[in-house]
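Since we're looking at a predicted model, the values are computed, not measured. Proteins get letters first, then strands, A, B, ... in listed order; numbering begins at 1 in each.
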Amino acid sequence: MVLEVTAKDSDGKELFKSEKKWFEIGVDPDRDMRYGAWQIKGIIDLTLPPLTTQREQYLVHFDTDIDEVTVEAKLWYYLSGGRGELVYEEERTLDF
Amino acid sequence: MHPALVRKKNLLIALLILFACSIAQAREAKTLAELVAMFDDKQCAECHGEIYSQWQGSWHAKAVNSSLKGMRNFIAVGLAKEWQTPLTKAQLLKCLDCHAPAVNFASEELAVEIGELIVTAFEEKGSAQGVRAAETLAKLNVGCYSCHNIKANGVAPGLRGAPAEKVIYGPNGDDGDDFHQSVASSDLQTSAFCMQCHGVYHAPDGETIQCNTLSGSYRHGYLAAGGSKSCQDCHLNKGHLFPGGHDLETVKEGLGLRLEVAPYQHLPGQITGVKNPADWVPSAVITAFVDNRAGHRIPDG
């Protein structure tokens, strides 16, 4: 699960980018990271908890000669090992 | 006791033991063909065609072959190298009790053979031998009998007893013409029924297996926060297809995204590195809200 937030100028040049990932890590009794179902004895839970809303906030400054910015938020879903699927995207255009 | 009577009694005991063994053997398959015939899901297709084809498209229907690499690693790395333990039925059930519950009814030798097929299917992928092994393994999965018989009473075995051979456990107890007797069981409609396989597993020897752990999150994250839906409420809306993380529509239902952007001009002279330090600096507060509307954490595994 990845939230990707970007800001681009009117030529499509990237001015800002941030990624927030939600995932879990399996560890064995020595706390070494493991993938095998038989090896994992503990979970480091960095996932999205149910019935909650996560809030990710950024304060971004652009350069003084920028007059138009497009802000985009994309939510990607990754199945283990697989390629990402775009679940939702939202866009805003700002004029300065 | 008269010696002849003792002999007679010993014979009786021997016969009893033999009889008990033959009962156990009736529920123990020696070949894969026998095992598949014991729990033959193809027969269900005749009268439950729609459910059968939904199930065929589900992940339950391919629960061994879709996880071949992990299971091969358990056998070839976990058992052989890390634990230095031979492949046995009890070891294999640490995966297959959930991925192919019918294997509970395989003989010791057959179970080991199935384990070897898993290794072959993965290591010889593409070769004729590997393809044949995978085709055979495709007959092992989470099938109709897995849920409607083998695991049907697993939530409350004390109360319900062991499932009876060939009997179908379902929500209403309606018999299937002359083909099957049915027993009404509300257990299949409980979350606990699914959690037998969708949670941390405790093997008879105490080993814990953490394959799919979202049940913990369902219980401690969702129910604890006031959620009230069962697994079935959310996962049976496409019938026996049981859509989940592989189905984009379901994933969309489980997530929400909202973007809020508040632009403003920052005071000149405060932000370093801009082209004109005397100018106002175009700025924005960007806030994204991400909702989890599923009944458990996202993602799992």
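For B/K94, no part lies under 4.5 angstrom from a heavy atom of chain A. Using a 4.5 Å cut-off between heavy atoms, A/Q39 touches chain B through its side chain atoms alone. Residue B/A288 touches chain A through both its backbone and its side chain, counting heavy-atom pairs closer than 4.5 Å.
With chain B as the partner, the residue from A/W38, A/F23, A/W22, A/Y88 showing the most heavy-atom pairs under 4.5 Å is A/W38. No other option in A/V69, A/I43, A/D45, A/V5 has as many heavy-atom pairs under 4.5 Å with chain B as A/D45. Of the listed residues (B/L255, B/N212, B/T208, B/L259), the one with the most heavy-atom contacts under 4.5 Å to chain A is B/L259. Highest contact tally toward chain A, considering only B/G245, B/G256, B/G78, B/G70, is held by B/G245 [criterion: heavy-atom pairs under 4.5 Å]. Ranked by heavy-atom pairs under 4.5 Å with chain A, the list B/Q265, B/M71, B/E260, B/R293 is led by B/Q265. Top candidate by heavy-atom pairs under 4.5 Å with chain A, chosen from B/D291, B/V274, B/V290, B/L248, is B/V290. Top candidate by heavy-atom pairs under 4.5 Å with chain A, chosen from B/Q210, B/R258, B/H246, is B/Q210. When each of A/M1, A/E72, A/E91, A/Q57 is scored by its heavy-atom pairs under 4.5 Å with chain B, the top score falls to A/Q57.
In terms of modelled atom types and a separation under 3.5 Å, the side chain of B/K62 and the main chain of B/A138 share no donor-acceptor contact.
Between B/H296 and B/H235, the ring planes lie parallel to each other; the angle is under 30°, not in the 30° to 60° tilted range.
Taking the centre of each ring, B/F74 and B/W83 come in below the 6.0 Å mark.
One finds the SG atom of B/C95 at 7.0 Å from the CD1 atom of B/I75 (value rounded to the nearest 0.5 Å).
Counting heavy atoms from C-beta on, the side chains of A/F62 and A/F96 come closer than 4.5 Å.
A cation-pi contact, defined as under 6.0 Å to the ring centre and within 45° of the axis, is absent between A/K74 and A/W76.
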